[in-house]
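Accompanying notes for the structure given below.
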Amino acid sequence: MKSNRGLRLTLAQRERITGMVFALPFVIGFIAFFLRPILQSLIFGFNELEVLTGGYNLTGVGFQNFRKAVLEHPEFNRVLFETCLRVVSDVPLVLMFSFFMASLLNQKFRGRLFARTLFFLPVILASGAIASMEQSDYMTAVLQTTSSSGISGGFLGAAALRSFIGSMKLPEQFLTYIVAAVDRIPHVIRASGIQILIFLAGLQSIPPSLYEASTIEGATGWESFWRITFPIMSPLILTNIVYTIVDSFTAADNELLTLIRETAFGGMGFGVSSAMSWIYFAAVSLILLAMAGSTSRWVIYYE
Amino acid sequence: MSRRALRGLVQGRPNAPELRVHGRPRAREIAVKTQRTIWSLVRAGLIVGVGFIIIYPLLVKIASSIMSPEDLFDSVVKWIPRRPTLQNYVMAFTSMNYPRALLNSVTLVTVVSVLQLASCTLVGYSLARYEYPGRRLISALAIFTLVVPPQLVLIPTYLNFRFFDLFGLIPGGGINLLGTYWPFVLTASTASGLRNGLFIFSMRQFFRNMPRQLQEAAYVDGASPFRTFVSVMLPNAGPALITVFLFSFVWQWNDVFYTSIFTGGKAVELMPYALESITRYAREMYIERYGMVPAGQQLSLFRNAGALMYIAPVLILYAFLQRHFVEGIERTGLVG
């Protein structure tokens, strides 16, 4: 009996050691290529950084860099505000759209496989190199402005829409948001690839027997959506909120990230750039916490 | 209630004839049918519309990549070129030095994504299957890496690889690793490459759902933990591995951010740089060949052809692997 217990203990120990060995790559990588750079970047934020031939030199300047970023940089505040606003306004749009599209793609119809392949294409094409090229591309711009239906920049003709909604006597802010939202339809669609995928996988994991049972009990489609689909999907909604925020503030066409990069390599220097990215990180963390916090309250875990 | 109605109920057809109480059966059937037809029409419209917006940029590129210069100034031509030409592709091909850039990029990205796949699978497996102190912390840290904007670590990463000293282990101010493939290899093999937290998380969720008996059976048969992992767990992880590999490959292929840090702005012949250099080289080549400066529109045609050639490998890979995509996602952790 005693020897048996001793054997079991060694097995547990062996398992523990194996587990740690398997996880070792990440621990090393995290410390060397993640934790260290983060701490350094915080230090850089409070220093003036000078790159020399054999290394680099730091001079402490206190909060100077942060002050420069916020008070002296001509663009930073505006771009920061716009970027954050865009992140916040994108989240509901992307979520609603991807949820809707996922339930559409979850139905049975001819050509479903093709439609799915097409819808995940943005995941493949959301390319840094292509996106940055597109911003300055002549043909894209020409075709977008001259084509009569005008996909981007004038989807459905924003002016016509504005006058149509304007005739409904709605508050001005609401109107601006709607027009802006319609303008961003192509962007929203292209930013929803992964979210559709996640929702779709979630929808497929709901056992059909639940719906059958509720139909027999006399539930309407509306009721079974709110009583079955929505609660089961609620953890995924939280996942997607987090994903959308993270994705949109690290996107390749993000204006602020370009600004930070330009500041580092050609503007006010590494110190100010570090300070900027910390301010940005703080702002985004706040948004993330606020959104995830307010959502997680009505997320239902059914396990 | 008749037997038939009951059977209809059991088979999930509550509209079986005897169950209809309201309205005349026939009229109701027609109403349901029309409703269905209308819905499928609306659905088709929505899918076609959204699908169009998705492939619109691709269509623009294809259309303009085969346009000849005359078509550019032809007022009739907007979308479909009248005199299609492959000249743009030839121009882009030569000015990108395509075969060279393609070979370099494919090699680099394949090596990087295989390394990432290996390391993330190992770490994910460890987090899912073993009990040891600090396991929860490591899982949390893996998620944390996703939330931090890459710009935060931009400069330190740049400097660390510029003066790579392994925490002071290498004397003399460190070695310059920028411009070599070492930064890619080092980050990929330590599961700290591009969005690797997501891969670790996915693999962890996947292995969590594997039956524990599988592992125990292997132990009883005398397999070591590593052997168990390689010959019992991995062969069953196909869809998850494909999904992670595809994501890893695609993101790495499209990445400009890390690539530009790791190469330190040096002219390593990789696809993103090749694409950027089209404008410059094509301009020179054009001047050389035709003796005049090309118009901006002209260069744009070359660039669109180049962009298509840039994404072609990924599109081909996606076409081959997309069937496994949804299946893999379903079984990996992306679903809560």
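A note on names: the letters A, B, ... follow the listed sequences, proteins ahead of strands, and every chain is numbered from 1.
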Bottom line for B:Phe226: the part with an atom under 4.5 Å from chain A's heavy atoms is both
Residue pairs passing the salt bridge (charged side-chain N to carboxylate O under 4.0 Å, His left out) test with at least one member in residues 119-131 of chain B, sequence neighbours excluded, are B:Glu131-B:Arg135
Q. Would you say the side-chain atoms of B:Asn304 and B:Ser65 include a donor-acceptor pair closer than 3.5 Å?
A. no
Of the listed B:Leu317, B:Leu127, B:Ile138, B:Leu315, the one with the largest count of heavy-atom pairs under 4.5 Å with chain A is B:Ile138
Honestly, the part of A:Tyr243 sitting under 4.5 Å from a heavy atom of chain B is side chain
- Query: Taking it one step at a time, do A:Phe33 and B:Phe161 satisfy ring-ring contact (aromatic ring centres under 6.0 Å, His included)?
  - Reply: CA-CA 10 Å; A:Phe33 304 122; B:Phe161 284 115; 5.5 Å; yes
Cut-off 4.5 Å, heavy atoms of chain B, and the answer for A:Phe100 is side chain
Centroid-centroid distance, B:Tyr158 to B:Phe262, less than 6.0 Å: no
From the list B:Ser119, B:Cys120, B:Gly51, B:Ala319, the residue making the most non-hydrogen contacts under 4.5 Å with chain A is B:Gly51
When the 4.5 angstrom heavy-atom criterion is applied to A:Tyr211 and chain B, the contacting part is neither
Whatever's closer than 4.5 Å to a heavy atom in chain B on A:Leu288 counts as side chain
So, the part of A:Val27 with a heavy atom under 4.5 Å from chain B: the answer is side chain
Applying side chain to side chain donor-acceptor pair (under 3.5 Å) to B:Ser126 and not counting sequence neighbours gives B:Tyr132
Honestly, the part of B:Ser40 sitting under 4.5 Å from a heavy atom of chain A is neither
Of A:Phe34, A:Trp278, A:Phe199, the largest count of non-hydrogen pairs under 4.5 angstrom with chain B goes to A:Phe34
When the 4.5 angstrom heavy-atom criterion is applied to B:Leu58 and chain A, the contacting part is side chain
Just by modelled atom types, is the B:Tyr258 backbone N or O under 3.5 Å from a matching donor or acceptor in the B:Asp255 side chain? yes
Closest non-hydrogen contact found for A:Ile196 with A:Ala102 is O-CB, 3.8 Å
Only residue of B:Thr190, B:Leu141, B:Asn196 satisfying side-chain contact (heavy atoms from CB on, under 4.5 Å) with A:Phe26 is B:Leu141
